[in-house]
2 protein chains.
Amino acid sequence: MAVTISDVASAAGVSRGAVSLALNGHAGVGDQTRQRILETAKALGWTPNLRAKSLRSAKAYAVGLVIAREAKLLGSDPFFPSFIAGVEVTLEKHDYTLVLTVATEPGAEERSYRRLADGGRVDGVILSDVRHDDSRIALLRGLGLPAVTLNRPDTPSPFPAVCMDDAVGITAAVEHLISLGHTRIGHVGGEQVYLHGRSRRRAWQSALTAAGLGTDLFAEADFTAPGGVAATARLLARKDRPTAIVYANDLMATAGQSYAQAHGMNVPGDLSITGYDNAQFARYLNPPLTTIAADPLAWGRLAAAMLLGQVSGTHDGGDLILGPPRLVVRSSTGEVPKHAVPAVAVDRYEDLSTAELSQESIHCQEKQ
Amino acid sequence: MAVTISDVASAAGVSRGAVSLALNGHAGVGDQTRQRILETAKALGWTPNLRAKSLRSAKAYAVGLVIAREAKLLGSDPFFPSFIAGVEVTLEKHDYTLVLTVATEPGAEERSYRRLADGGRVDGVILSDVRHDDSRIALLRGLGLPAVTLNRPDTPSPFPAVCMDDAVGITAAVEHLISLGHTRIGHVGGEQVYLHGRSRRRAWQSALTAAGLGTDLFAEADFTAPGGVAATARLLARKDRPTAIVYANDLMATAGQSYAQAHGMNVPGDLSITGYDNAQFARYLNPPLTTIAADPLAWGRLAAAMLLGQVSGTHDGGDLILGPPRLVVRSSTGEVPKHAVPAVAVDRYEDLSTAELSQESIHCQEKQ
DNA sequence: GACGGCTACTAAATCGATTTAGTGAATTCA
DNA sequence: TGAATTCACTAAATCGATTTAGTAGCCGTC
């Protein structure tokens, strides 16, 4: 069907080997022969068959990314789409493609990596959402699959890492709140099994400790909106409830803000709120959300570049540190309230995540 | 390196051909020989080399998806991640993978399709974001690449389509608003070059016409938050400004709601708002957003299934219609205001998208 | 007992590109 | 001038799995 190297060879009156040499710019063919071969190849519309090239060279010309998320959560994360776009920028330049796998069930993740490695579908993978004591490191080493990790794992890892110090952003957020007079600053974190969940919590903790403030206002959630609501409810039900909450992502911050407002609190009058990610909608909340902006696109570009270097053996193996995220101050943060605000009664989690929040029953106060 | 079919053959004391027959369950090998071969294959840990299989069978065992979006917009769209998750569910069952390409520049899109087709990287593609008079239909036919389109193109297309009638959702939204007494119902649409932009507008138009209401309160935007703000500003500056606006997606609705509130309007007291997508954050806005929920996961599952059928020649070629989206009523819609509300002065677009809306300042971190 | 038909298997071709070994001719050097 | 070297190219092997053509052995049958 398609035109092969044999077609070009017979059309140009030479052997297949000569065509290959000519097309790849190798020595071994005369100048006018080379010219003739190139012209006939172009005239016939020849393009290399990647499947054949792949078999011969034992390379897949593709890299893999396995995303382990429940389907419902995937759509709400602003990170991956931008990250993937960055990866693509680099891959396209090198005529590589991205094989994307979504693992929605627990067991599916390891299966995905095996599938990519065993069949030789990819030449390497990007490991994201690195976890504490991450078993995938050993898995990938066992599979002999080159990899690059996003941030450095807390277990010995033979793979280079592209790092983004999210602690810098959280520290800036806490210091911003302290400068506004807040002393009871809470944190709603993501699952602490994730390194980025941990590092954000630690940064919050360190910044408070450095300022001589307490660090007990922590509630673990799961990066989802319902989780953010539940964690916020727990913090706000305390006697010593916070006057400001630092969230580990924008989605939880949005949910927390909504929860607080639904319970009669003013943001930032009664409660200041910061997010993380700088999702596009964050600026258009009511009030607009103070948050932390990283650069997932650059992260993707560099991770892909490092992985390609790793695959081709040109990478030196050192880690790469990205520029730090920056704080974007909007209107969800303000001066600490002068007056004491009564604690909010805690709701049951079930109520929060289903009936109570689900439809019409949240009636927000209308002033902004 | 890896164990091949030859290794299995010599270990089992048979020819390569016999191993192949045994492993694929074909006739031509005796029962105990077959058993022995299967056992040695298992013992040696043999897995088929996809690259070889691919070359021999002239199949890629992968399908492609080209997303044409600017990198910045990608992260804010709740559709694709869920859609992709659905695609994966089907592909994994058939041991196929998804090759994802992001085309951020205009010319990159066609190049992407050619790259996927020419090298034989994929066996087919899913065509999303179908446009009016979409040139990709002819391109794909020319490339001989099987495809499935999301919704039926408005040009003759040889490819089957998986359709979701978003008109149903918009109609429900408009009727909901009419039942609340609204008569001046506007629409902020996406780019009208997209079929889903058009069909949503047409549905809005039809529903109003059916109720004997006017259809001139239309403003075209681009599915982005800044675009939604600008379009909202234009509608609200009119003398006959709407008391309700139907947005073509949640992001624009969020931005529009924020704009209205920032200009002293009450939602839904002065202005009712509906979105589209049911993004996770929509429920946590202030007020929670009335919106339209589709099922991108199912869409992805079925599109992938149809494409695989198409590739293997088992699909009959008929279109598939998904269940209709449904209206999710929350608190951003309410009774039409009794009193007249003065028109809002229009702002310049530049102001809207920068300083005016959020008084935003960016604090960069000075140390490390 | 010769022949057809069947089973169980092997040898070799195949997919398309790359690469290695080899060959004939021209050129260079002693 | 003869040997050595270089050049331009071809033939064939290679990657790993599948498939086609072919073969040896066995059974049954007329």
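Chain identifiers are assigned alphabetically (A, B, ...) following the order of the sequence lines, protein sequences preceding nucleic acid strands; residue numbering begins at 1 within each chain.
- Between E109(A) and R136(A) there is a salt bridge, since at least one side-chain N of the basic residue sits less than 4.0 Å from a carboxylate O of the acidic one.
- Counting non-hydrogen atoms under 4.0 angstrom, T4(A) reaches the backbone sugars and phosphates but no base.
- In terms of phosphate contacts, W46(A) brings no side-chain nitrogen or oxygen within less than 4.0 Å of OP1 or OP2 of dG16(C).
- When rounded to the nearest whole Å, the span between CG of N49(A) and C1' of dT18(C) equals 13 Å.
- Rounded to a whole Å, the CD1 atom of I37(A) is 7 Å from the P atom of dC9(D).
- Atoms CG and CG, from D134(A) and D129(A) in turn, are 9.5 Å apart once rounded to the nearest 0.5 Å.
- At the phosphate of dT18(D), OP1 or OP2 sits under 4.0 Å from a side-chain N or O atom of N24(B).
- Separating the CZ atom of R16(A) from the C1' atom of dA11(D) is a distance of 9 Å, rounded to the nearest angstrom.
- In this structure, F80(A) and F83(A) have perpendicular ring planes: the angle between them is above 60°, well past the 30° mark.
- The separation between L21(B) atom CG and dC9(C) atom C1' is 9 Å, rounded to whole Å.
- Using a 4.0 Å heavy-atom criterion, one finds that G30(A) contacts the sugar-phosphate atoms exclusively.
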Would R131(B) and E191(B) satisfy salt bridge (charged side-chain N to carboxylate O under 4.0 Å, His left out), going step by step from the backbone distance to the final call?
CA-CA 10 Å; R131(B) 303 188 274 264; E191(B) 293 104 322; over 6 Å; no
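- Under 4.0 angstrom from either OP1 or OP2 of dA17(C) there lies no side-chain N or O belonging to S54(A).
- Side chain of V29(A), nearest nucleotide from dA17(D), dT18(C), dC9(D): dC9(D).
- Within the nucleic acid shown, T33(B) comes within 4.0 Å of sugar-phosphate atoms alone, with no base atom in reach, counting heavy atoms only.
- Backbone-only engagement by V14(B) is indicated by non-hydrogen atom pairs under 4.0 Å involving sugar-phosphate atoms exclusively.
- In this entry the distance linking CD of Q32(B) with P of dA8(C) reads 9 Å, nearest Å.
- Side-chain proximity of R56(B) to the nucleotides dA17(C), dC9(C), dT18(D) is greatest for dT18(D).
- dC15(C) atom C1' lies 14 Å from atom CG of L50(A), rounded to whole Å.
- The side chain of A52(B) has dA17(D) as its nearest neighbour among dC9(C), dA17(C), dA17(D).
- Each of G17(B) and L55(B) was assigned the nucleotide of DNA chain D with the nearest heavy atom; the assignment lying further toward the 5' end belongs to L55(B).
- Rounded to a whole Å, the CG atom of D31(B) is 11 Å from the C1' atom of dA8(C).
- The aromatic rings of F223(A) and H196(A) sit parallel, their planes meeting at an angle under 30°, below the 60° perpendicular limit.
- Rounded to whole Å, atom C1' of dG16(C) lies 10 Å from atom CG of D7(A).
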